[in-house]
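To start, the structure under review is shown below, and the notes come after it.
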Amino acid sequence: MGRGRVQLKRIENKINRQVTFSKRKAGLLKKAHEISVLCDAEVALIVFSHKGKLFEYSSDSSMEKILERYERYSYVGRQQIAASESEFSHENWTLEYYRLKSKVELLQRNNSHYMGEDLDSLSVKELQNLEQQIDTALKHVRSRKNQLMYDSISALQRKERAIQEQNALLAKQIKEKEKSVAMAQQAEWEQQQHHGYNALSFLFPSAPHPSLNIGLASFDGHE
């Protein structure tokens, strides 16, 4: 059986990671040398290990010359890309300007048609389409207006019910308050009447029974 495909992810075991690094580094340096010899190419390879150790390879030319050449090509390439992007950007903005200008003109023309202006240039079919668009727009407007009116009426009805409930509650509280005040006044009046009766009884005590006095007087006269 052949070897299974190695899963490409960081090796957690330090020893296995170091062994794999050494093997892969050696194979990478060998491949760089082979492509430089077989294809007569200038190759520069730079590798830093996990601990920061440098490994490098360069073909017959020195590493410095290859890096200088890379810098020159990289600078020229960046300049060309910048110039190309600038030119493209200018052309792109020009196209965008004309596109937006056409769109604005179309919107202005459509707005004039919706207002019933500049209709002479329209054909019968275009006028029919315009009429249909206006009818559709009116339906949406009416539908939205009716919905807003319905929502407003519903809100007013809810507010009216809330006010009625509040008024009923206030009326009930007032009635209970009046009843409480009336009972308090009645109790106070009864208490005043009771105190007045007691005062009269103290000032005017009741007389002795007359029958007893008469009997005694008669008896004394007889004697």
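The chain is numbered in sequence order, starting from 1. This structure is a prediction, so every number in the text was calculated from the model and none was measured.
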Between [X] and [Y], is there a donor-acceptor pair closer than 3.5 Å when you use the side chain of the first and the backbone of the second?
{"X": "Q18", "Y": "I15", "result": "no"}
{"X": "S143", "Y": "K139", "result": "no"}
{"X": "S36", "Y": "H33", "result": "yes"}
{"X": "T20", "Y": "N16", "result": "yes"}

**Study point:** Check ion pair E105-K103 (N to O, under 4.0 angstrom)
**Key:**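 Result for this pair is no, no salt bridge flagged.
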Nearest-0.5 Å distance, [atom1] of residue [X] to [atom2] of residue [Y]:
{"X": "S180", "Y": "Q185", "atom1": "OG", "atom2": "CD", "result": "10.0 Å"}
{"X": "I66", "Y": "S58", "atom1": "CD1", "atom2": "OG", "result": "5.0 Å"}
{"X": "Q164", "Y": "E160", "atom1": "CD", "atom2": "CD", "result": "4.5 Å"}
{"X": "Q128", "Y": "E131", "atom1": "CD", "atom2": "CD", "result": "7.5 Å"}
{"X": "L100", "Y": "L107", "atom1": "CG", "atom2": "CG", "result": "10.5 Å"}

4.5 Å side-chain heavy-atom contact, [X] and [Y]:
{"X": "K31", "Y": "I35", "answer": "no"}
{"X": "Q133", "Y": "Y114", "answer": "yes"}
{"X": "Q186", "Y": "M183", "answer": "no"}
{"X": "L67", "Y": "E71", "answer": "no"}
{"X": "E117", "Y": "M115", "answer": "yes"}
{"X": "L170", "Y": "Q173", "answer": "yes"}
{"X": "E126", "Y": "L119", "answer": "no"}
{"X": "L54", "Y": "V47", "answer": "no"}

Would you find more than 12 non-hydrogen atoms of other residues, nucleotides or ligands less than 6.0 Å from [X] atom [atom1]?
{"X": "Q132", "atom1": "CD", "value": "no"}
{"X": "N146", "atom1": "CG", "value": "yes"}
{"X": "K30", "atom1": "NZ", "value": "no"}
{"X": "Y70", "atom1": "OH", "value": "no"}

Exercise for review: Consider only side-chain N and O atoms of Q147 and D151, and report whether a donor and an acceptor are under 3.5 Å apart.
Suggested key: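 Yes, a side-chain donor-acceptor pair sits under 3.5 Å.
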Review point. Given K145 and M149, is the side-chain contact (heavy atoms from CB on, under 4.5 Å) satisfied, shown in steps?
Key: CA-CA 6 Å; K145 182 193 68 175; M149 292 178 63; 4.1 Å; yes
Taking all atoms of both residues into account, what is the closest heavy-atom pair of [X] and [Y], and its distance?
{"X": "E42", "Y": "S59", "answer": "CA-OG, 3.3 Å"}
{"X": "L130", "Y": "H113", "answer": "CD2-O, 3.6 Å"}
{"X": "E12", "Y": "R17", "answer": "O-NH1, 3.3 Å"}

Review point. Are L28 and F21 joined in one hydrophobic group, where the rule is that I, L, V, M, F, W and Y side chains link up if heavy atoms are under 4.5 Å apart?
Key: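 Both belong to a single hydrophobic cluster.
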Check your understanding: Does one hydrophobic cluster hold both I163 and I153, with members joined at side-chain heavy-atom distances below 4.5 Å?
Key ->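 No, because I163 and I153 fall into different hydrophobic clusters, even though each may have its own neighbours under 4.5 Å.
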Exercise for review: Verify side-chain contact (heavy atoms from CB on, under 4.5 Å) between L29 and E56, making sure each step is shown before the conclusion.
Suggested key: CA-CA 8 Å; L29 294 173; E56 63 179 85; over 6 Å; no
